[in-house]
Amino acid sequence: MTLILGRKRGMTQFFEEDGKVVPVTIVEAGPCVVTQVRNQETDGYDAIQLGFEDIKDSRAAKPQRIHCEKAKTAPKRFLRERRLDGPAEHAVGDAITVEAFEPGQLIDVTGTSKGRGFSGTIKRHGFSRGAETHGCMNVRQPGAIGACAYPGRVFKGTRMSGHFGAERTTAKNLKLVRVDAERGLLFVRGSVPGPNGGFVQVRTAKTGMPAKG
Amino acid sequence: MNVIDTIERELGKPVLPQVNVGDTVQVHYLIREGEKERVQLFIGTILAAKGRGIRKTITVRRIVQGEGVERIFPLHSPRVQDVTVTRRGSVRRSKLYYLRDRVGKATRVTELLGEKARRSKAQDKAIRAEMAAVEAQAGEQEAEA
């Protein structure tokens with residue numbers, strides 16, 4: 001499994017030979033630096049830690065700065081780990097670029113979804129709306145949330161209004177259409193969680209069942 | 001320039017034909033007939049132009065056997081080979097949806113004449129020349145390859 005960190009740049013489209021439109025999200029990913037290698041002996045598990053996007057020395061706290069100095073790089077804004085089944089093949093200081101991915105393969109993209117604040121049940125859970133006319137007063141209300149004397153309470157987990165979005169979301173089994181190694185861009189078919197400019201993690205698909213289309 | 005703009009420029013056609021709302025145009029559209037491909041002409045008035053960059057489309061309306069027919073063409077699609085202007089229209093709005101309610105002679109758009117038309121023609125000529133240049137360049141590159 002390969003992992004790379006990047007930022008979502010936005011969506012666009014292109015045409016195939018026969019005129020079909022392919023919607024794509026552009027992810028500007030890598031180069032990531034291996035900042036630490038974890039192993040069974042010291043950590044109890046195998047993993048490598050990747051760093052992405054430099055920040056100024058003056059902006060980084062001393063522990064972070066020194067941590068990155070061990071890999072001989074500038075302090076990084078994002079550090080994420082990738083679990084491994086066996087001992088790591090990478091050494092500290094190695095770079096991982098988009099070339100680790102191939103066009104046509106399936107990938108999972110993890111990001112933080114757009115925050116929608118306190119949302120009603122229609123937006124949050126896809127409830128239906130009531131009629132706006134004919135004297136109806138329950139246009140966007142949630143409807144019944146339980147029965148009467150028995151059970152005499154509202155069940156836990158009942159879908160209601162509340163905070164929506166701004167949570168970790170993974171879009172699974174997206175097709176990687178194109179890889180631009182020169183500029184470090186990934187062309188992902190379809191949409192990806194989060195706003196433009198948001199931080200995303202791209203990895204090879206875990207289950208690998210292609211989506212329709 | 002941001003990444004998306006740069007990429008759209010690369011993915012789309014380098015030059016688009018110069019068309020405006022109200023123009024009467026011929027759209028050269030590539031259609032499949034069984035195994036063969038041929039170019040079909042769709043002749044009509046441009047009602048609306050929508051979208052920017054690679055998503056730019058035009059809505060073309062014509063009357064076929066007394067029935068209005070509208071088609072939306074993505075200008076960057078490889079299926080749309082060319083759009084040629086046969087008559088320039090003088091219009092004061094960006095969407096000519098009012099033409100849908102009109103029948104017969106009332107569906108005509110006033111022709112653009114005079115200095116503006118000449119300028120538009122000159123612009124068109126310049127764009128055609130640019131398109132030819134781009135094509136020639138592409139041909140050369142292909143020959144080299």
Side-chain angles (χ1 to χ4, degrees), chain A residues 4-32 52-54 77 97-99 101 103-104 109 111 114 174-200 202, chain B residues 1-17 19 25-42 49-60 70-83 131 134-135 138-139 141-142 145:
Chain A
I4 198 165
L5 315 177
R7 277 183 186 277
K8 172 177 166 178
R9 282 295 167 226
M11 287 193 76
T12 180
Q13 64 179 38
F14 66 85
F15 293 90
E16 281 178 2
E17 285 286 295
D18 57 354
K20 266 186 197 156
V21 169
V22 183
V24 287
T25 309
I26 311 290
V27 176
E28 200 174 350
C32 297
F52 171 64
E53 212 171 87
D54 291 348
R77 178 161 281 133
T97 63
V98 288
E99 279 165 347
F101 291 90
V109 181
K114 281 184 186 172
L174 304 172
K175 198 172 167 192
L176 190 60
V177 183
R178 197 178 291 183
V179 176
D180 189 332
E182 214 169 287
R183 287 174 291 188
L185 302 178
L186 297 172
F187 289 53
V188 185
R189 193 196 159 97
S191 57
V192 154
N196 292 345
F199 172 67
V200 291
V202 179
Chain B
M1 199 158 49
N2 76 43
V3 186
I4 295 289
D5 284 346
T6 324
I7 286 167
E8 284 198 353
R9 216 157 270 203
E10 289 164 22
L11 293 175
K13 295 177 186 171
V15 205
L16 283 183
V19 288
V25 289
Q26 296 183 331
V27 182
H28 299 246
Y29 194 70
L30 206 61
I31 57 163
R32 274 188 85 89
E33 265 179 356
E35 287 297 289
K36 268 197 276 180
E37 288 198 331
R38 70 179 186 90
V39 175
Q40 191 184 48
L41 283 186
F42 189 88
K50 283 184 176 180
R52 273 188 283 177
I54 200 167
R55 285 169 300 278
K56 185 163 189 178
T57 61
I58 52 170
T59 307
V60 183
E70 279 176 26
R71 284 193 72 173
I72 300 169
F73 295 100
L75 287 182
H76 280 280
S77 166
R79 297 260 127 189
V80 176
Q81 289 199 321
D82 197 4
V83 184
M131 281 166 88
V134 167
E135 214 159 282
Q141 273 174 2
E142 221 163 86

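To find a chain, count down the sequence lines: A is the first, B the second, and so on, and within it residues start at 1. As a basis for the values below, the full set of heavy atoms in this structure was taken, side chains included, without hydrogen atoms, waters or symmetry mates.
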Exercise. Would you check, one step at a time, whether the test side chain to side chain contact (heavy atoms under 4.5 Å, CB included) holds for B:Leu11 with A:Arg178?
Key: CA-CA 12 Å; B:Leu11 293 175; A:Arg178 197 178 291 183; 3.3 Å; yes
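- Crowding of B:Gln81 atom CD: a count of heavy atoms from other residues, nucleotides or ligands under 6.0 Å exceeding 12.
- Contacts of B:Ile7 with chain A are made by side-chain atoms alone, with heavy-atom separations under 4.5 Å and no backbone atom involved.
- Closest approach of B:Arg79 and A:Gly19 over heavy atoms only: CG-CA, 3.8 Å.
- Annotation for B:Lys13: atom NZ counts as buried by contact number, over 12 foreign heavy atoms lying within 6.0 Å.
- Residues B:Ile4 and A:Asn196 are not in side-chain contact: their nearest non-hydrogen atoms beyond the backbone lie 4.5 Å or more apart.
- Interface remark: A:Glu16 contributes backbone atoms only to the contact with chain B (heavy atom separation under 4.5 Å).
- Of all heavy-atom pairs spanning B:Ile54 and A:Gln13, the tightest one is CD1-O, 3.2 Å.
- Proximity to chain A (any heavy atom under 4.5 Å) is shown, for B:Arg32, by neither the backbone nor the side chain.
- With respect to B:Val3, the side-chain contact (heavy atoms from CB on, under 4.5 Å) criterion is satisfied by exactly one of A:Arg7, A:Arg183, A:Arg9: A:Arg9.
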